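Notes for the one structure printed next.
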There are 2 protein chains.
Amino acid sequence: MSNKEISTEQAILKAAKNIFIRKGMEGARMQEIADEAGINKALLHYYFRSKDKLFEAIFTDAILKIVPNIMEMMKSDLPLFTKIELFTNNYIDAFTENPFVPGFIMHELSRDPSKIVNMVKNAGINPHPFIDQVKRETESGNIIPVDPYHLIVNMLSMCIFPFVATPILINVLFNKNADSYKEFILQRRKEVPHFIINAIKKK
Amino acid sequence: MSNKEISTEQAILKAAKNIFIRKGMEGARMQEIADEAGINKALLHYYFRSKDKLFEAIFTDAILKIVPNIMEMMKSDLPLFTKIELFTNNYIDAFTENPFVPGFIMHELSRDPSKIVNMVKNAGINPHPFIDQVKRETESGNIIPVDPYHLIVNMLSMCIFPFVATPILINVLFNKNADSYKEFILQRRKEVPHFIINAIKKK
DNA sequence: GTTTAGTTTAACCAAATGGTTAAACCAGAT
DNA sequence: ATCTGGTTTAACCATTTGGTTAAACTAAAC
């Protein structure tokens, strides 16, 4: 495997990522990807065999950017408020570094839900330790009572949605000021856990 | 315009809605829509001229299901906590009645952001009365200090995301139990404003 | 019955699409 | 120089796609 081969393959992956993110699986055209990679279209098939397989490579890479360490946090014995901070910070950090991922996954979620569902399940995500902990804290009277399922969904919502809705937020909320939006996203890291903890903290 | 014509047009719209929601604009095939409507494909062009125009009709209808009365709420003089309840309840009710809308809009948001941005702006959505109100309440010391932009985004996130992420939630959180998910969605109407108000209410 | 306007059909069209093929190219080894 | 294996190319392929066309159909009006 020569150095030149890695370069062509990487060029394809990079171009495919750009096009698939912008156009989705159905909207992306192999010729377009080849053009962006600066190669002959037949090479896409030489290296990746089919459009499906190329897409799979990009998509799997995207998913793997967010799933792995969430599990460790879910299983740990850390205090609830610390967990909430870790959970939200982990997600927001991962999305800040890879801002295309949430929109990409949500886009594919409507096109082919089973694939994403299987990948998330195969990653072994198990929310029950966290759910049990929220229940215990509620029963002990340590927090304002909250249904753990709603708490999880609220946390996910506030982490993911702002990245998915970027164009709307920039244009409607921030008057087309992308810098304001960036500043806003940086603040999310602190504001989201703060908001969530305030919602359940006894005073 | 005969009764028969309305029927063919409606059959097309109904079938197109189903297919566009499932497949998106790029993934939907005119022959497939025709098959589902039980008509000859040429009729799609006879009635709607092109795939774009047919899609436009479906999409505009979807957007109009959620935008209009949010404006009235934003401009009113109601107390902040009441507004939060109205805002979240309005959204959740609209999505409960039209569960395809959030996913459909999010899907199109990645494909063609400018269209959605323009539609939302043309609807005259102006968040500033609400933003000003949150600022006043914060300065008066009536609520826990919260940045109004983050508050708005949190509210939108918690209203919209659970509908977009339906397949993930049903399969990962609710063990494929669609009835549990439905129950969960019904609870959202009360849980979301409750959570939000708890987060900013002084105790 | 004929005429008319609207609706529908089957056949057709040109372009686009993902993919295939075989030859040319390249560089290292002999 | 030739051989070899890997890479790349241009041409080609069959199918699909959104759209067009002209004829057939339908029902109401006269």
Side-chain angles (χ1 to χ4, degrees), chain A residues 1-62 104 107-108 110-112 114-115, chain B residues 1-62 104 107-108 110-112 114-115:
Chain A
M1 210 182 280
S2 72
N3 197 45
K4 172 69 173 168
E5 177 186 318
I6 289 174
S7 177
T8 301
E9 189 170 344
Q10 293 304 315
I12 293 174
L13 286 168
K14 186 178 171 189
K17 181 173 161 185
N18 286 338
I19 306 285
F20 280 134
I21 286 168
R22 264 192 277 135
K23 306 283 181 81
M25 166 66 185
E26 306 279 0
R29 294 293 166 255
M30 297 295 262
Q31 185 61 59
E32 191 181 13
I33 292 169
D35 290 342
E36 175 142 340
I39 58 159
N40 183 288
K41 179 164 68 82
L43 288 181
L44 301 179
H45 303 275
Y46 178 77
Y47 282 96
F48 293 95
R49 230 60 74 211
S50 70
K51 187 181 184 183
D52 275 343
K53 288 187 162 69
L54 178 57
F55 184 79
E56 196 80 37
I58 305 292
F59 191 73
T60 302
D61 183 60
F104 191 40
H107 189 275
E108 291 312 306
S110 56
R111 192 185 69 94
D112 186 2
S114 60
K115 173 187 297 182
Chain B
M1 210 185 277
S2 73
N3 198 44
K4 172 68 174 170
E5 176 185 318
I6 289 172
S7 175
T8 302
E9 188 170 346
Q10 292 305 313
I12 293 174
L13 285 168
K14 185 176 169 188
K17 181 175 164 186
N18 286 338
I19 305 286
F20 280 135
I21 287 168
R22 266 193 277 134
K23 304 285 182 76
M25 167 66 186
E26 307 279 359
R29 294 293 167 256
M30 296 297 260
Q31 185 60 59
E32 191 181 12
I33 292 169
D35 289 341
E36 175 141 340
I39 58 162
N40 183 289
K41 179 163 69 78
L43 288 182
L44 300 179
H45 303 277
Y46 178 79
Y47 281 97
F48 293 94
R49 232 62 75 208
S50 69
K51 187 179 182 182
D52 276 343
K53 288 188 164 68
L54 178 57
F55 184 80
E56 197 79 37
I58 305 290
F59 192 72
T60 302
D61 183 59
F104 190 39
H107 189 273
E108 291 312 305
S110 56
R111 191 184 71 94
D112 186 2
S114 61
K115 174 188 294 181

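Within every chain, numbering begins at 1; the chains are lettered A, B, ... in the order of the sequence lines, protein sequences first and strands thereafter. Because the structure is predicted, anything quoted here is derived from the model rather than measured.
- We find that CD1 of B:I12 is positioned 15 Å from P of D:dG18, with the value rounded to whole Å.
- The line from NZ of A:K115 to CZ of A:F55 is 5.0 Å long, rounded to the nearest 0.5 Å.
- Close placement of the B:F104 and B:F59 rings is indicated, their centers lying within 6.0 Å of each other.
- For A:E26, the side-chain hydrogen bond (donor to acceptor under 3.5 Å, both in side chains) criterion is met by no residue, not counting sequence neighbours.
- A straight line from OH of B:Y46 to P of D:dA23 spans 17 Å, rounded to a whole angstrom.
- Comment: B:K53 does not engage B:E56 in a salt bridge, judged by the lack of any side-chain N to carboxylate O separation of less than 4.0 angstrom.
- Between the C1' atom of D:dG18 and the CD atom of B:E32 lies a distance of 14 Å, rounded to the nearest Å.
- Between A:Y47 and the phosphate of D:dT8, there is a side-chain N or O to OP1/OP2 separation shorter than 4.0 Å.
- Rounding to whole angstrom units, CG of residue B:L43 and P of D:dG19 are separated by 14 Å.
- No option in A:K23, A:K41, A:R22 other than A:K23 meets the side-chain hydrogen bond (donor to acceptor under 3.5 Å, both in side chains) test with A:E32.
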Q. Along nucleotides 10-25 of chain C, 5' to 3', which nucleotides get a B, which get an S, and which get a -, given that the test is a protein heavy-atom distance under 4.0 Å?
A. B------SBBBB----
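- Taking CD1 from B:I12 and CD1 from B:I58, the interatomic distance works out to 10.0 Å, rounded to the nearest 0.5 Å.
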